[in-house]
4 protein chains.
Amino acid sequence: MTKECVILAYSGGLDTSCILKWLLDKDYKVVCYIADVGQDEDFDTVKTKALKIGAHDVVIDDLKVTFIQDYIFPAIQAGLLYESRYLLGTALARPCISIGLIKCYLQHGAQYISHGATGKGNDQVRFELSCYSLCPSLRVIAPWRDPEFTLKFQGRKDLLSFAARNGIPVSATPSAPWSTDANLMHISYESGILENPANEGPSDLYTMTSNLEETPDDPYFLEITFKSGIPSSLGLRNNERIKNVLDMYMALNQIGGIHGIGRIDIVENRFIGLKSRGIYESPGAHILHTAHKDLEIFCLDKEIYRIKQNLSEKLSECVYNGFWFSPEADYLRNCTAIAQEMVSGTVKLKIFKGNVFVLGRYSDISLYNEDLVSMDRHADFTPADATGFINIHAIRLKEYYRYKNQRNKHQS
Amino acid sequence: MTKECVILAYSGGLDTSCILKWLLDKDYKVVCYIADVGQDEDFDTVKTKALKIGAHDVVIDDLKVTFIQDYIFPAIQAGLLYESRYLLGTALARPCISIGLIKCYLQHGAQYISHGATGKGNDQVRFELSCYSLCPSLRVIAPWRDPEFTLKFQGRKDLLSFAARNGIPVSATPSAPWSTDANLMHISYESGILENPANEGPSDLYTMTSNLEETPDDPYFLEITFKSGIPSSLGLRNNERIKNVLDMYMALNQIGGIHGIGRIDIVENRFIGLKSRGIYESPGAHILHTAHKDLEIFCLDKEIYRIKQNLSEKLSECVYNGFWFSPEADYLRNCTAIAQEMVSGTVKLKIFKGNVFVLGRYSDISLYNEDLVSMDRHADFTPADATGFINIHAIRLKEYYRYKNQRNKHQS
Amino acid sequence: MTKECVILAYSGGLDTSCILKWLLDKDYKVVCYIADVGQDEDFDTVKTKALKIGAHDVVIDDLKVTFIQDYIFPAIQAGLLYESRYLLGTALARPCISIGLIKCYLQHGAQYISHGATGKGNDQVRFELSCYSLCPSLRVIAPWRDPEFTLKFQGRKDLLSFAARNGIPVSATPSAPWSTDANLMHISYESGILENPANEGPSDLYTMTSNLEETPDDPYFLEITFKSGIPSSLGLRNNERIKNVLDMYMALNQIGGIHGIGRIDIVENRFIGLKSRGIYESPGAHILHTAHKDLEIFCLDKEIYRIKQNLSEKLSECVYNGFWFSPEADYLRNCTAIAQEMVSGTVKLKIFKGNVFVLGRYSDISLYNEDLVSMDRHADFTPADATGFINIHAIRLKEYYRYKNQRNKHQS
Amino acid sequence: MTKECVILAYSGGLDTSCILKWLLDKDYKVVCYIADVGQDEDFDTVKTKALKIGAHDVVIDDLKVTFIQDYIFPAIQAGLLYESRYLLGTALARPCISIGLIKCYLQHGAQYISHGATGKGNDQVRFELSCYSLCPSLRVIAPWRDPEFTLKFQGRKDLLSFAARNGIPVSATPSAPWSTDANLMHISYESGILENPANEGPSDLYTMTSNLEETPDDPYFLEITFKSGIPSSLGLRNNERIKNVLDMYMALNQIGGIHGIGRIDIVENRFIGLKSRGIYESPGAHILHTAHKDLEIFCLDKEIYRIKQNLSEKLSECVYNGFWFSPEADYLRNCTAIAQEMVSGTVKLKIFKGNVFVLGRYSDISLYNEDLVSMDRHADFTPADATGFINIHAIRLKEYYRYKNQRNKHQS
């Protein structure tokens with residue numbers, strides 16, 4: 001009888017290596033799927049390790065361009081921001097990776113998908129909802145929710161001794177007292193010593209961005225051009241203009257990293273109802289988000305902006321919660337994209353000491369009307385109209401005054 | 001026959017000085033009302049000037065403490081932010097000043113209130129709606145909307161020659177090529193050379209905050225404690241603790257100013273339907289807003305936060321549009337304040353090079369549960385529950401897949 | 001010198017007849033524009049009257065089909081309902097008529113548009129905003145806001161004597177002690193004796209619908225089919241099927257009228273801040289709205305429905321306030337229409353004694369899954385999953401309990 | 001060793017009787033808790049039956065007054081309506097019963113709560129979330145989600161034979177081919193032959209309301225007075241005035257029942273992601289909801305109404321989903337109640353042939369201003385102000401026109 005096949009989302013780390021071995025011990029055929037979403041990783045070493053442990057096959061999938069084009073840029077376009085601050089770097093990678101997992105699952109005619117996400121976190125939800133949306137019939141093996149597994153591996157020590165017993169190579173450098181998730185868009189830090197939300201994150205924690213003490217004393221000037229809300233080119237100070245999405249994004253990350261852009265330390269609300277503390281750095285995304293917000297309010301009709309903003313907040317929550325592939329996210333993406341058809345133009349930025357300063361913005365076609373707003377020209381504006389505007393708005397306020405008087409009399 | 005009396009919101013500048021004279025020429029008795037909301041001004045000189053021009057009386061009203069307590073702090077508490085960026089420094093001062101105007105109006109038994117706000121701006125609306133809300137029977141003289149006035153004064157040149165003819169003293173220093181509004185909370189810059197939204201604001205424009213090139217190379221650490229969402233004390237690095245609201249606010253402005261905190265350059269949507277470009281600096285408010293947002297999400301239940309956030313956005317728009325005194329603003333303030341009963345605790349901050357970094361936060365009573373979220377402890381959490389949670393959420397997604405399949409078959 | 005030309009929205013009634021004469025007296029050339037939006041009117045008589053008074057030309061414009069196709073059906077599709085009750089019969093006719101007015105204005109090379117809408121009402125806003133949106137350069141003559149006119153005509157008596165003096169024919173039947181607006185979609189009644197909101201509307205007021213005492217004792221059964229949220233056919237009890245939009249709408253009005261469907265008596269909030277009392281009857285629209293709501297929730301994903309419903313409420317307010325032609329209404333229509341792509345199917349109805357009962361509904365492709373929901377079949381459903389679903393949702397509730405305990409201890 | 005004690009929410013029906021026996025067989029001590037929320041039931045018979053099966057004790061708890069005062073009236077006050085149509089009769093009873101269950105649980109020092117709600121439904125969620133909110137430490141036994149139970153009882157036949165084997169009395173009348181839930185507020189019908197949403201519900205299904213064919217040919221007139229949004233008295237046609245909440249509610253149910261008020265047939269979205277079809281009748285609640293909506297819009301400031309309405313929709317969803325006891329429901333109730341402080345007055349109604357007609361409304365203090373809205377009086381209204389109001393609103397629309405022209409030129 002042929003073995004059942006599991007596609008394991010594999011990172012090369014201790015957890016998924018033990019899971020790999022554990023699945024093999026349970027007599028599954030295991031294919032390790034490694035998504036390259038821009039994390040700093042030696043994929044050959046990871047592959048060798050998986051094969052050594054016993055993986056039937058290892059698939060390394062370069063998703064960097066699709067991650068930018070189909071996830072990061074649409075998120076920038078929609079203005080996604082979870083709970084007013086988090087740019088969703090991890091949440092956006094999960095559906096992107098899931099597409100890859102499903103492709104691998106179908107190609108291998110597998111029966112299961114497995115992952116190393118923990119039982120208290122958001123990522124299990126994001127992976128599994130994405131997978132079920134794309135392929136409702138698949139089954140998931142989530143070891144960190146399986147009592148058989150969690151009883152066996154009650155802490156890091158158990159994982160280490162299992163690895164030792166099974167010849168699984170373990171990194172020589174001691175593991176950091178927190179966990180991270182890294183991709184092109186961001187690195188996140190949580191757990192361990194960060195679980196106490198009063199404790200400051202150590203300054204040697206950051207890897208994508210420089211501490212301000214070490215950033216250059218000269219600002220960097222750049223221009224970002226958007227077409228329908230999507231970044232279309234990046235103008236650098238040497239008049240270089242980058243249009244390739246990967247080059248553009250790498251350049252923004254590099255500039256932002258050097259200048260210490262895009263660090264946040266927050267407590268956030270997980271989907272499952274816990275509050276958790278996370279530290280994030282997302283240099284390029286922070287620059288893009290700031291530029292896009294500026295251009296968007298410059299370009300969009302005021303009432304459309306308000307409606308869109310509301311939809312954007314709903315979509316941020318969908319994406320955070322793992323519903324990237326869902327009826328409502330499809331709908332919200334469609335609706336926000338319609339609004340963005342008006343958002344084309346260029347934003348001039350100064351990147352300096354952790355700050356993204358907007359210096360100016362322009363657009364070929366725009367609702368900004370310099371003549372109309374000018375204090376020195378009347379244009380088509382009749383100041384006396386404002387009197388009627390104010391007086392009519394005052395009616396309701398005067399009625400409220402009358403009402404409160406009535407009420408006071410009534411109560412006395 | 002006794003003259004009719006006008007209360008003029010007077011600044012001492014060229015515009016309101018000409019308006020004062022123009023009203024006197026129209027045979028009104030004019031009382032000049034000067035609100036001290038923390039702007040940098042020599043009030044004695046202004047008073048002397050008004051009396052010299054012919055004002056019947058000059059009232060100088062120190063509103064600094066009420067401005068902080070009744071407007072700025074409630075705005076921080078409610079998390080007000082207009083169009084995702086503007087902290088509403090001018091919009092909050094207007095109702096505060098209007099209360100003073102109305103007191104003055106009632107004390108003098110006046111018939112009119114007058115102001116120098118322009119016909120294209122928000123401030124005319126904010127002043128007049130505030131005044132009508134507080135005293136529906138009053139009448140407003142808005143010279144910049146009166147064709148008789150605007151025909152006479154078609155530009156700055158007309159004002160200057162009118163001033164010269166009428167012995168109105170004019171400041172020797174040439175006026176800046178933009179207009180400003182200053183108070184304790186912020187200074188705004190707009191019009192003139194700033195009307196072209198593509199042009200960078202000049203670096204010598206700023207007055208409350210230092211250019212980053214001149215800020216200290218050492219960060220400043222502080223702690224802000226909130227009670228029910230209202231700042232209650234400020235802890236400085238020398239273990240000094242400030243509780244007096246005015247001292248606290250001045251200290252935050254000073255620290256923020258030195259470190260270049262709280263500058264923005266934006267295009268915003270005015271109530272009357274124009275887009276305008278403004279540059280703002282609001283050092284203290286920016287620090288408080290950042291700290292409050294951090295504590296709020298730390299303390300509030302996730303669903304309450306979402307509802308409150310929605311109400312907060314509505315209230316931001318009310319306040320921007322001039323509806324501080326309105327049925328809906330009363331209601332929204334009540335609702336947001338209820339949510340803030342849970343927001344008490346302390347936020348630790350690092351102020352450095354234009355950045356406000358949150359380093360940590362704590363609270364005596366909080367919804368954050370370190371045991372529950374810990375990766376090292378199970379607490380009351382049963383990981384297997386997450387399986388059911390995910391599977392039930394997947395039902396709707398799988399149904400959508402089924403639906404799309406049906407639709408595809410139907411269409412083919 | 002040629003006279004300036006005014007396009008007057010003319011009804012044939014006393015008000016617009018006097019306005020016509022008043023405009024002629026002011027030496028304008030006046031073209032009377034009469035929109036046929038389905039009101040019960042003898043257009044030939046109206047035309048003769050206008051010409052007799054002195055109109056340069058009279059345009060009678062049959063807008064019935066466009067009114068249904070481009071306004072009523074899209075409103076049904078979007079689920080428009082103002083303040084939970086009003087189907088917007090008058091508000092929808094205004095932009096439809098404005099398109100006709102603008103066409104007439106352009107064809108005649110006119111300089112002005114004029115109308116008889118009063119200064120306290122919504123219709124002046126709706127007409128003028130629609131016209132300005134379509135043709136920003138036009139000018140409006142609104143006699144009921146012109147002091148010259150309102151001083152001359154201070155009440156009905158003045159209009160009558162002016163009419164008598166100028167040979168303007170006046171209807172022999174005494175005018176009803178209320179005012180009405182009628183079109184294919186509805187008749188509204190307001191003003192006069194209805195201004196006291198405590199007074200019952202008289203039973204002889206209604207003209208489109210029968211009093212229940214006179215409705216048939218047998219119900220009427222029908223079926224309405226929608227395609228992408230738009231009514232596409234009407235099935236009658238004799239198996240007749242109507243697809244022509246005008247025939248369909250007339251049939252629904254007739255059936256609804258006979259059975260007393262669609263009367264409401266409400267107090268509503270006008271755009272300008274007044275509360276007014278109105279009585280409406282809209283038989284066909286009420287049937288369509290009820291059927292559409294049923295099908296929509298049957299067909300739409302639950303989360304899409306919630307988002308769409310929110311957009312629908314915003315659009316209802318836009319349309320009520322006169323912003324049919326506006327950036328936000330365009331946007332909201334686009335967004336709601338996208339959601340409606342899923343809303344196709346048939347609703348079975350029983351029309352009886354003022355009630356529209358939904359008896360059943362079906363659709364070729366739908367998210368309703370009889371197997372999945374059945375109490376007798378498991379389908380793909382695993383009941384145990386609900387345990388995890390509930391337990392995870394309970395985490396936040398238990399945390400709140402813990403929080404309240406902490407708080408109580410802290411306070412005691 | 002003492003047995004563990006289970007509090008079973010017991011109805012006397014086949015399901016909970018078998019569950020009772022099943023629990024006893026598993027060696028639990030079982031206390032049957034029967035909530036009297038107004039369902040038509042012979043509680044003595046039910047008690048006898050439970051004791052006969054082996055219940056340790058039976059608690060019959062009369063919750064009718066608290067159900068009205070603490071659940072139904074607050075729901076009316078908040079204007080709760082799920083998915084635009086469902087008055088939440090079942091959803092409101094669940095938290096009310098849960099309070100009783102918890103009291104019983106604490107009094108008996110029990111270890112478990114058990115119920116007969118099915119695994120696909122909303123009620124399991126409502127019961128359990130309510131219980132966990134009130135008493136986080138309790139444990140739930142949900143047999144319909146327990147594979148041991150569901151394997152044993154795969155259909156009605158298994159329940160019947162188990163009952164027969166165990167001497168559990170079974171009702172002689174054959175069970176209806178649907179399931180029901182009944183309380184003072186409503187009766188719901190679902191499942192069985194109703195699962196096909198295209199099938200009409202049989203006319204003999206209804207028990208609280210008459211078929212229209214059998215309703216009186218004379219209307220019934222009544223008046224309902226609200227204080228702060230809560231029904232405070234009911235005026236009947238004989239000038240009788242009822243203030244006792246239970247009497248009031250019973251009278252409304254009776255009048256509504258006789259006149260066939262409050263039937264709906266809908267497809268709704270369950271919390272767990274299924275669509276289900278339900279038929280409901282809620283005569284009294286439908287009358288109250290209609291009256292309250294009328295008074296509310298009459299009394300409330302327009303902008304407050306919009307904000308409140310939004311909160312009301314959120315609260316409706318909370319309540320439907322089982323979050324009556326939750327941070328957000330507490331918050332939403334507080335917020336909606338604040339708005340309702342303005343909602344006091346009386347509504348005059350005509351109840352006739354399934355219809356609730358509002359005839360008029362009045363209030364001692366109100367924002368309705370007959371003088372101001374009157375077409376015959378100017379009051380403080382200056383019609384010319386509307387010109388400025390319209391013109392300023394037109395600015396944005398004209399700018400949009402300009403924008404579209406720009407865009408068209410740009411594209412060509």
Side-chain angles (χ1 to χ4, degrees), chain C residues 83-84 118-120 124-125 128-129 132-133 136 142 144-145 147 150 155 191 195-200 212 265 267-269 272 274-276 293 297-298 302 326-327 352-355 358-362 367-368 370 372-376 381 383-384 386-387 389-390 393-394 397-398 400-401, chain D residues 83-84 118-120 124-125 128-129 132-133 136 142 144-145 147 150 155 191 195-200 212 265-267 269 272 274-276 293 297-298 302 326-327 352-355 358-362 367-368 370 372-376 381 383-384 386-387 389-390 393-394 397-398 400-401:
Chain C
E83 291 186 342
S84 316
T118 68
K120 288 181 176 175
Q124 55 177 346
V125 189
E128 297 180 29
L129 291 185
Y132 288 135
S133 278
W144 284 117
R145 296 198 310 259
T150 54
S191 307
E195 278 168 8
N196 182 338
N199 286 352
E200 183 179 353
L212 286 196
D265 176 330
V267 170
E268 74 197 48
N269 288 294
I272 61 167
L274 305 177
K275 287 183 179 296
S276 75
K293 174 63 67 191
I297 301 184
F298 176 64
K302 151 174 143 169
S326 69
F352 192 38
K353 293 284 174 197
N355 299 276
V358 176
L359 304 181
R361 72 291 290 163
Y362 55 90
L367 282 166
Y368 189 89
E370 199 171 332
L372 185 58
V373 78
S374 171
M375 285 302 166
D376 305 323
F381 191 86
T387 304
F389 181 74
I390 294 169
H393 277 294
L397 307 182
K398 293 177 177 181
Y400 187 52
Y401 183 93
Chain D
E83 292 186 340
S84 315
T118 67
K120 288 180 176 175
Q124 55 176 346
V125 189
E128 297 180 30
L129 290 185
Y132 288 135
S133 279
W144 285 118
R145 296 198 309 259
T150 55
S191 306
E195 278 168 7
N196 181 338
N199 285 353
E200 183 177 355
L212 286 195
D265 176 330
I266 63 174
V267 171
N269 288 294
I272 60 168
L274 306 176
K275 288 183 179 294
S276 76
K293 175 61 68 193
I297 301 186
F298 177 62
K302 152 175 144 170
S326 68
F352 193 39
K353 293 283 174 200
N355 298 276
V358 176
L359 305 181
R361 72 292 289 165
Y362 55 91
L367 282 166
Y368 188 89
E370 198 171 334
L372 186 59
V373 77
S374 170
M375 286 301 167
D376 304 322
F381 191 86
T387 304
F389 181 75
I390 294 168
H393 277 295
L397 307 182
K398 292 177 177 179
Y400 187 53
Y401 183 94

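Keep in mind that what you see is a predicted model, and the values were worked out from it rather than measured. Proteins come first, then strands; the chains are lettered A, B, ... in the order of their sequence lines, and each starts at number 1.
Between chain D and the options C/T118, C/L274, C/V125, C/L129, heavy-atom pairs under 4.5 Å are most frequent for C/L129. Of the listed residues D/L367, D/V358, D/I297, the one with more heavy-atom pairs under 4.5 angstrom with chain C than any other is D/I297. Note on D/I266, D/T150, D/T387, D/I390: by heavy-atom pairs under 4.5 Å with chain C, the leading option is D/I390. Across D/G155, D/A386, D/P147, D/S191, the residue that shares the most heavy-atom pairs under 4.5 angstrom with chain C is D/A386. By number of non-hydrogen pairs under 4.5 angstrom with chain D, the leading residue of C/G119, C/P327, C/A198 is C/P327.
When every heavy atom of D/Y368 is checked against every heavy atom of C/P197, the shortest pair comes out as CE2-CD, 3.4 Å. Between C/S133 and C/P136, the shortest heavy-atom distance links the atoms O-CD, 4.5 Å.
Using a 4.5 Å heavy-atom threshold, the side chains of C/V373 and D/K120 count as separate. Between C/R361 and D/V267, the closest side-chain pair of non-hydrogen atoms falls below 4.5 Å.
Remark: D/K353 NZ to C/N355 CG distance equals 10.0 Å, nearest 0.5 Å. Rounding to the nearest 0.5 angstrom, the gap separating the CD atom in C/E83 from the NZ atom in D/K302 is 8.0 Å.
Taking the ring axis of D/Y132 as reference, the NZ or CZ atom of C/K398 stays within 45° of it and closer than 6.0 Å to the ring centre.
Interface remark: C/N199 contributes backbone atoms only to the contact with chain D (heavy atom separation under 4.5 Å). Contact of D/D265 with chain C is made through backbone and side chain together, with heavy-atom distances under 4.5 Å. At a 4.5 Å heavy-atom cutoff, the contact between C/F389 and chain D is made by side-chain atoms alone. Using a 4.5 Å cut-off between heavy atoms, D/F298 contacts chain C through both its backbone and its side chain. For D/S326, the parts lying under 4.5 angstrom from a heavy atom of chain C are both the backbone and the side chain. Both the backbone and the side chain of C/A394 come within contact range of chain D, each with at least one heavy atom under 4.5 Å from a heavy atom of that chain.
With sequence neighbours left out, C/E195 forms a side chain to side chain donor-acceptor pair (under 3.5 Å) with D/S374.
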